[in-house]
Amino acid sequence: GIISKKTKFICKGHLEIGDMKFHCWRHKYGHGSVNVFKAIAESCDVYFYQLALKTGINRIAETARKFGLGNLTGIDLPGEREGLIPDREWKEKVKGKSWRPGETIIAGIGQGYVLATPIQLALMTSRIANGGIKVNPRLIKDSKNNQFFEEIAINKNNLRIIQKAMEQVSLSERGTGRNFRLSLENIEMAGKTGTVQVRRISTKERESDEGVIKNEDRPWPWRDHALYVGYAPMDNPKYSICVVVEHGGSGSSKAGPIAKDIMEAVLLDDPTRYIPNRPKSKPRA
């Protein structure tokens, strides 16, 4: 109820809150007028900063947990971590401090206190792709095949908007996944790239003649993590994937191409793969 698919926010390259600036990673001078499709396809941080402020951290946390974040997935391996989806109560209890608007902004793009494992992100992606079914990951198949999965209490029309936006990551001529589309005929992969900042970039660095230090020129611990989540085939999803390359740089240049290779290998090895009866889509605006 906070936005619709027609809602637009203006991205000027940053969002100012008080004396703080929250920058858009993708475009220094901004994306201009942005709706949800463009925000996901082109990775506009400022759109999600504004959306996060309007939504509030508690509602963000509630929905994130529905999709498997902040909870054990229950996969049959020892040592799984829960990750962390913060909210107001968590900060008061653990940190002894009140929640601040700036923390909502960065949590809105999955940073700050937010922690997630690759298997949680793959699970989240599968629940988006399958229309909101609470599937759970297993390494060993249930021979009786008697698993029953509940549905997530989520608006299906809204979920379809997110699916269509993730499709544009690959299909849009400015989508961050356009350069690593699957090379299998008639099969596409929907997804979302991510670049996880691990250090704060100072105003002095941003305004210097050299600008922000390039990822490859930083000390190893300061380099961004590269991330990609996706699912395929786009028209009839069967597989979800998450790739994280620690200190690898951008998701579009490092994690996405790895996901492409893995997904192609999986689909080629699957004799039951679904091939839509249509020509390979061309990138569109």
Side-chain angles (χ1 to χ4, degrees), residues 1-5 7-26 31 34-36 38-40 43-73 81-125 127-128 132 134 152-155 157-159 161-162 165-166 192-201 224-225 227 229 242 244 251:
I2 300 296
I3 61 166
S4 73
K5 63 183 180 181
T7 302
K8 293 183 179 180
F9 296 127
I10 301 298
C11 170
K12 299 184 294 184
H14 66 271
L15 178 69
E16 291 189 49
I17 299 291
D19 60 352
M20 298 186 70
K21 278 187 179 182
F22 297 87
H23 293 267
C24 189
W25 177 88
R26 193 77 186 169
H31 289 86
V34 184
N35 62 15
V36 67
K38 184 175 180 179
I40 289 178
S43 213
C44 175
D45 290 326
V46 171
Y47 179 93
F48 293 103
Y49 295 157
Q50 295 179 78
L51 178 57
L53 285 173
K54 289 180 176 292
T55 305
I57 188 58
N58 281 9
R59 292 194 349 174
I60 291 172
E62 178 187 357
T63 302
R65 290 167 187 151
K66 288 180 181 180
F67 284 86
L69 303 182
N71 298 302
L72 295 174
T73 68
R81 297 291 186 92
E82 289 186 352
L84 174 63
I85 296 297
D87 56 20
R88 293 179 179 277
E89 183 181 359
W90 171 85
K91 190 182 179 190
E92 189 70 47
K93 180 179 178 180
V94 175
K95 303 290 185 180
K97 297 179 180 179
S98 299
W99 189 265
R100 300 171 64 184
E103 293 166 332
T104 299
I105 288 173
I106 56 177
I109 60 166
Q111 298 210 172
Y113 294 118
V114 175
L115 296 172
T117 65
I119 190 66
Q120 286 176 331
L121 294 172
L123 176 63
M124 172 197 73
T125 306
R127 290 180 176 183
I128 291 171
K134 286 187 179 181
I152 295 169
I154 203 82
N155 183 300
N157 291 329
N158 291 345
L159 194 58
I161 289 171
I162 302 305
M166 291 176 71
K192 180 71 187 79
T193 57
T195 303
V196 185
Q197 188 177 312
V198 298
R199 69 173 186 116
R200 187 176 184 85
I201 301 172
D224 300 331
H225 301 317
L227 188 147
V229 296
C242 170
V244 178

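- For the ring pair (Phe, Tyr, Trp, His ring centres under 6.0 Å) test, residues two or more places apart in sequence or in another chain that qualify with Y47 are F9.
- Residues satisfying the side-chain contact (heavy atoms from CB on, under 4.5 Å) test with N157, not counting sequence neighbours, are N155.
- Residues Y49 and I109 form a side-chain contact, since some pair of their non-hydrogen atoms from C-beta on lies under 4.5 Å apart.
- Between I3 and L51 the shortest side-chain heavy-atom distance falls below 4.5 Å.
- With sequence neighbours left out, P118 forms a side-chain contact (heavy atoms from CB on, under 4.5 Å) with C242, V244.
- By the 4.5 Å heavy-atom criterion applied to side chains, L15 and Q50 are counted as neighbours.
- With sequence neighbours excluded, no residue satisfies side chain to side chain donor-acceptor pair (under 3.5 Å) with T125.
- Among residues two or more places apart in sequence or in another chain, the side chain to side chain donor-acceptor pair (under 3.5 Å) test is passed with N35 by none.
- Closest of all the heavy-atom pairs between C44 and V34 is SG-CG2, 4.2 Å.
- Sorted by first and then second residue, the pairs that involve residues 51-67 and meet side-chain hydrogen bond (donor to acceptor under 3.5 Å, both in side chains), not counting sequence neighbours, are R65-D87.
- Listed by chain and number, the residues in a side-chain contact (heavy atoms from CB on, under 4.5 Å) with H14 are E16, K21, H23 (sequence neighbours excluded).
- Checking side-chain atoms of Q120 against main-chain N and O of N71 turns up a donor-acceptor pair under 3.5 Å.
- Legend: salt bridge (charged side-chain N to carboxylate O under 4.0 Å, His left out) pairs involving residues 104-124, not counting sequence neighbours: none detected.
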Kindly determine whether K12 and V46 satisfy side chain to side chain contact (heavy atoms under 4.5 Å, CB included), including the steps that lead there.
CA-CA 8 Å; K12 299 184 294 184; V46 171; over 6 Å; no
Please lay out, stage by stage, how V114 and I85 fare under the test side chain to side chain contact (heavy atoms under 4.5 Å, CB included).
CA-CA 5 Å; V114 175; I85 296 297; 4.0 Å; yes
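- Residues L69 and A116 share a closest heavy-atom pair of CD2-CB, 4.3 Å.
- Test L121, T117, L123 against I119 for side chain to side chain contact (heavy atoms under 4.5 Å, CB included) and you get one pass: T117.
- The salt bridge (charged side-chain N to carboxylate O under 4.0 Å, His left out) pairs that include a residue from residues 113-124 number zero, where partners must be two or more places apart or lie in different chains.
- Residues V229 and M124 come closest through the heavy atom pair CG2-CE, 4.5 Å.
- Residues K5 and I161 come closest through the heavy atom pair CB-CD1, 3.8 Å.
- Side-chain contact between I105 and I17: present, with at least one pair of heavy atoms (C-beta onward) separated by less than 4.5 Å.
- Partners of K192 by side chain to side chain donor-acceptor pair (under 3.5 Å), not counting sequence neighbours, listed by chain and number: S43.
- Considering all non-hydrogen atoms of both residues, A165 and V36 come closest at CB-O, 4.1 Å.
- In this structure, W25 has no side chain to side chain donor-acceptor pair (under 3.5 Å) partners at least two apart in sequence or on a different chain.
- Side-chain atoms of K134 never come within 3.5 Å of backbone atoms of F67 as a donor-acceptor pair (strictly under, hydrogens ignored).
- Every pair passing salt bridge (charged side-chain N to carboxylate O under 4.0 Å, His left out) that includes a residue from residues 88-102 is listed here, sequence neighbours excluded: K91-E103.
- The two residues Y113 and P86 have their closest heavy-atom pair at CB-CG, 3.8 Å.
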What verdict does the side chain to side chain contact (heavy atoms under 4.5 Å, CB included) test give for V198 and H225, after you've listed the backbone C-alpha separation in whole Å, the side-chain angles of each residue and the deciding distance to 0.1 Å?
CA-CA 7 Å; V198 298; H225 301 317; 3.4 Å; yes
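- At least one side-chain heavy atom of Q111 sits under 4.5 Å from a side-chain heavy atom of V196.
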